Engineer: 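I'd like to ask some things about the structure below.
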Amino acid sequence: MADTPPVSSGNADSAIDKMEATFNMAIEKSAKITEISTAKKAELDATKQRPQN
């Protein structure tokens, strides 16, 4: 039976580095989405306010 080649040529440290980079990118994107959606919700709330007499 032939030897099965490794899935990746890197080691565990490089795999962890890649996962960490991906995780950090996801956090950044999530923060940006939260920032945009919060601003949009604030704008929507402002349009729903009753005018003060």
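Computed from a predicted model, the values in this text were never measured in an experiment.
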Engineer: Other members of the hydrophobic cluster containing Ile27, with the 4.5 Å side-chain heavy-atom rule, please.
Structural biologist: Phe23
Engineer: With clusters built from Ile, Leu, Val, Met, Phe, Trp and Tyr whose side-chain heavy atoms come within less than 4.5 Å, directly or transitively, what are the remaining members of the cluster of Met19, listed by chain and number?
Structural biologist: Ile16
Engineer: Hey, can you pull the donor-acceptor pairs under 3.5 Å for the side chains in residues 34-43, sequence neighbours left out?
Structural biologist:
unit_1, atom_1, unit_2, atom_2, d
Thr34, OG1, Ser30, O, 2.9
Ser37, OG, Ile33, O, 3.1
Ser37, OG, Thr34, O, 3.2
Thr38, OG1, Thr34, O, 2.7

